[in-house]
Amino acid sequence: MSKIRIYNTLSGKKEELIPLEPGKIKMYVCGPTVYNYIHIGNGRPAIIFDVVRRYLTYRGYDVTYIQNFTDVDDKLIKKAAETGETVPEVAQRFIKAYEEDVRALGVLQANVHPKVTDHMPEIIAFIEGLIEKGHAYAAGGDVYFRTASFPEYGKLSHQHIADLKAGARIEVNEKKDDPLDFVLWKQAKPGEIFWESPWGKGRPGWHIECSAMSLKYLGETFDIHGGGHDLAFPHHENEIAQSECLTGHPMARYWMHNGYINIDNEKMSKSLGNFVLVKELRDEYSPRALRFFMLSAHYRNPINFSKELIQQAVNSITRIDNAVRNLKHRKETAVDGEMTAEERQILERFRQTFIEEMDNDFNTADGITVLFDMVRETNQILTAPAVKRSLIQAYLSLFDEFGGVLGFTFGEAEENGRGPSDEDVEKLIVERGEARKNRNFARADEIRDQLQQMGIVLEDTPQGVRWHRK
RNA sequence: GGAGGCAUAGCCAAGUGGUAAGGCCAAGGUCUGCAAAACCUUUAUCCACCGGUUCGAAUCCGGUUGCCUCCUCCA
């Protein structure tokens, strides 16, 4: 069996995945700041790392998956001021919205979704530790990390401190000793939400939460840290600085970053305003198509968003759905018999290929190709007048197996709660059958059209009428 | 100015040294009462451009052009 290889931002290379503890993977993925609905760009890491997690589980690892919620920060405070809600109310509202969006996209819950506001003691203790070790300093109610105290600063994003200093866009702040220093604790302005701390009333800086919470749930060193490409600097760089200065150990072994979703070749972002909300897109397209769209390219490559491409994904996934539906239909009239050695071998080859492709830095595009190869194979098998039940079942199981890894269920109508009952459909199909027997095709077609209107698709096959909900 | 990425058919997209996967779209054929689904066939002598290394390069090296991202909150 091949070995799992992950592209590690830290080294800039694909590396073999060697877990810290045999058989176990601990991973942490940066979650959303919950001040708004998520756009599909935010959906990408949710889906990508969900697949990473599912795949590692599939490969036999016991995966602990942590994804945080940033539930207090400047943007939440601003939002609360706009809507008249409290900060916790804003957070709660958008955590709920996030969960709904992401569930629709087929993303499994993390083992823990820690919130910043539930971890103030851990965060404060973390900052105190950094101050004790000389890596941080209090200044006028704020606390800053002393970047110069960590010689390796820049190792993740491959930036040199000198170059960063030369950059023209560093925030000017008189309280900082050095422009590259970043805030660990931020003094509350009058009227702002605050927590008591040794440095007065305030709230945590953005980066410290991930360091404190990953330490709590995963320990000093864990296996995989994931997030969007734009988080590599400064967010992840700062996390590394904080964590490694406190513990003296590497924070994470493999750093994974997904590429962006672009619109017209430009980054989609809340700040640019060119975003498309998952919430809105869900009304127009099946969420499975969105997920399929994201998995049809490699996670590190940028992908362009357009409705045309989502439609391509809809069409593509329909082909797989049809194949699975057709297999299920033929199972009813299948014959007994064992699979031949050759048939077993073909099935096993599909599995091997799927694993090889996914082992290669989670190449979901090639993983999906295996599904299409299976579609062709099964469709060809079904052209025979008699097909063995054992063979059909084996393929259905394999579709389930790979679907489970990628987060899809194939061949089942999505819940929409509309349309006629199965009984009513069957009744009309019987009536149509009578009409066809009497060669009353006008009536038969009328019934088919009628069902079509109700979202029911009829297909006549040598094995009887096959139907499904659209 | 510094760091990095991308450029493959009408659209999307793998492949990263051994002679171009897969999907969508399109065309023709088969099956069908007609459809649908499906099957078969067709669709890049070529992977932005120029040079180099090699028996051999879309894949490695150098250069050119174009586009994108990060260095600021951002998935």
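Each chain gets a letter, A, B and so on, in the order its sequence line appears, and its residues count up from 1.
With respect to the salt-bridge test (charged N to carboxylate O, under 4.0 angstrom), the residues A:R432 and A:D460 qualify. Ion pairing between a basic and an acidic side chain is recognised when a charged N comes within 4.0 Å of a carboxylate O; A:E343 and A:K388 show such pairing. Using a cut-off of 4.0 Å between Lys/Arg side-chain N and Asp/Glu carboxylate O, A:R443 and A:E446 are scored as salt-bridged.
Rounded to whole Å, the distance from NE2 on A:H468 to C1' on B:A35 is 13 Å. Atoms NE2 (A:H236) and C1' (B:U69) sit 15 Å apart, rounded to a whole Å. Rounded to whole Å, atom P of B:G2 lies 25 Å from atom NZ of A:K155. Atom CG in A:N438 sits about 17 Å away from atom C1' in B:C34, given to the nearest Å. Summarising the geometry, the separation between CD on A:Q159 and C1' on B:G5 is reported as 14 Å, rounded to the nearest angstrom. Atom NE2 in A:H235 sits roughly 16 Å away from atom P in B:C70 (whole-Å rounding). Rounded to whole angstrom, the span from the CZ atom of A:R319 across to the P atom of B:G23 amounts to 6 Å. In this structure, A:R5 atom CZ and B:G15 atom P are separated by 10 Å, rounded to whole Å.
Between the side chain of A:E308 and the base of B:C11, no donor-acceptor pair under 3.5 Å is found. Side-chain atoms of A:R436 and base atoms of B:G33 include a donor and an acceptor less than 3.5 Å apart. Residue side chain A:R376 does not reach the base of B:C39 through any donor-acceptor N/O pair under 3.5 Å, judged by distance alone. Counting atom types as modelled, A:N315 pairs no side-chain N or O with a base atom of B:C25 as donor and acceptor under 3.5 Å. At a cut-off of 3.5 angstrom, the base of B:A35 holds at least one donor-acceptor pair with the side chain of A:R448. For B:G22, its base never sits under 3.5 Å from the side chain of A:D366 at any donor and acceptor pair.
Heavy atoms only, all atoms of each residue included: A:E377 and A:I346 are closest at OE2-CD1, 4.0 Å.
Note on A:I368: nothing from the nucleic acid sits closer than 4.0 angstrom, heavy atoms only. Note on A:G31: nothing from the nucleic acid sits closer than 4.0 angstrom, heavy atoms only. Across all strands, A:I38 comes closer than 4.0 Å to no nucleic acid atom at all (heavy-atom distances). Within 4.0 Å of A:F441, counting heavy atoms only, lies at least one base atom of the nucleic acid. When heavy atoms are screened at a 4.0 angstrom cut-off, A:N301 is found touching the sugar-phosphate backbone but no base atom. Residue A:G227 is classed as a sugar-phosphate contact, given heavy-atom separations below 4.0 Å to backbone atoms only. Among the protein residues, A:N322 comes within range of the sugar-phosphate backbone only, with heavy atoms under 4.0 Å from sugar or phosphate atoms but none that close to a base. Backbone-only engagement by A:N363 is indicated by non-hydrogen atom pairs under 4.0 Å involving sugar-phosphate atoms exclusively. The residue A:F293 sits apart from the nucleic acid: no heavy atom pair falls under 4.0 Å. Contact annotation for A:R443: no contact, since no heavy-atom pair falls under 4.0 Å across all strands.
Using N1 to N3 plus N6-O4 or O6-N4 for Watson-Crick, or N1-O2 and O6-N3 for G-U wobble, each under 3.5 Å, B:A58 pairs with nothing. With a 3.5 Å ceiling on both atom-pair distances, the Watson-Crick or G-U wobble partner of B:C67 is B:G5. Judged by Watson-Crick or G-U wobble contacts below 3.5 Å, the nucleotide B:U19 has no partner.
Judged purely by atom type and a 3.5 angstrom limit, A:D71 has no side-chain atom pairing as donor or acceptor with the backbone of A:K115. Between the A:H113 side chain and the A:N68 main chain, no donor and acceptor come within less than 3.5 Å of each other.
Of the candidates B:A75, B:G23, B:A21, B:G23 carries the atom nearest the A:S316 side chain, counting heavy atoms from C-beta on. When distances are taken from the side chain of A:H298 to each of B:A75, B:C67, B:A14, the shortest belongs to B:A14. In this structure, the nucleotide among B:U69, B:A38, B:G23 sitting nearest to the side chain of A:Q312 is B:G23. Checked against B:G33, B:A75, B:G15, the side chain of A:Y260 finds its nearest nucleotide in B:A75. For A:I303, the listed nucleotide lying nearest its side chain is B:A13; candidates were B:G15, B:A13, B:C70. Checked against B:A38, B:G33, B:G22, the side chain of A:F372 finds its nearest nucleotide in B:G22.
Taking a 6.0 Å sphere around NZ of A:K279, one finds it holds 12 or fewer heavy atoms contributed by other residues, nucleotides or ligands.
Of the residues near RNA chain B, A:D445 and A:T33, the one whose nearest nucleotide (by heavy atom distance) lies more toward the 5' end is A:D445. Nearest-nucleotide positions on RNA chain B place A:Y299 closer to the 5' end than the other of A:N258 and A:Y299.
Between A:K267 and the phosphate of B:C70, there is a side-chain N or O to OP1/OP2 separation shorter than 4.0 Å. For B:C68, neither phosphate oxygen OP1 nor OP2 lies less than 4.0 angstrom from any side-chain nitrogen or oxygen of A:N265.
In summary, the aromatic rings of A:H236 and A:H207 are positioned with their centroids too far apart to meet the 6.0 Å limit.
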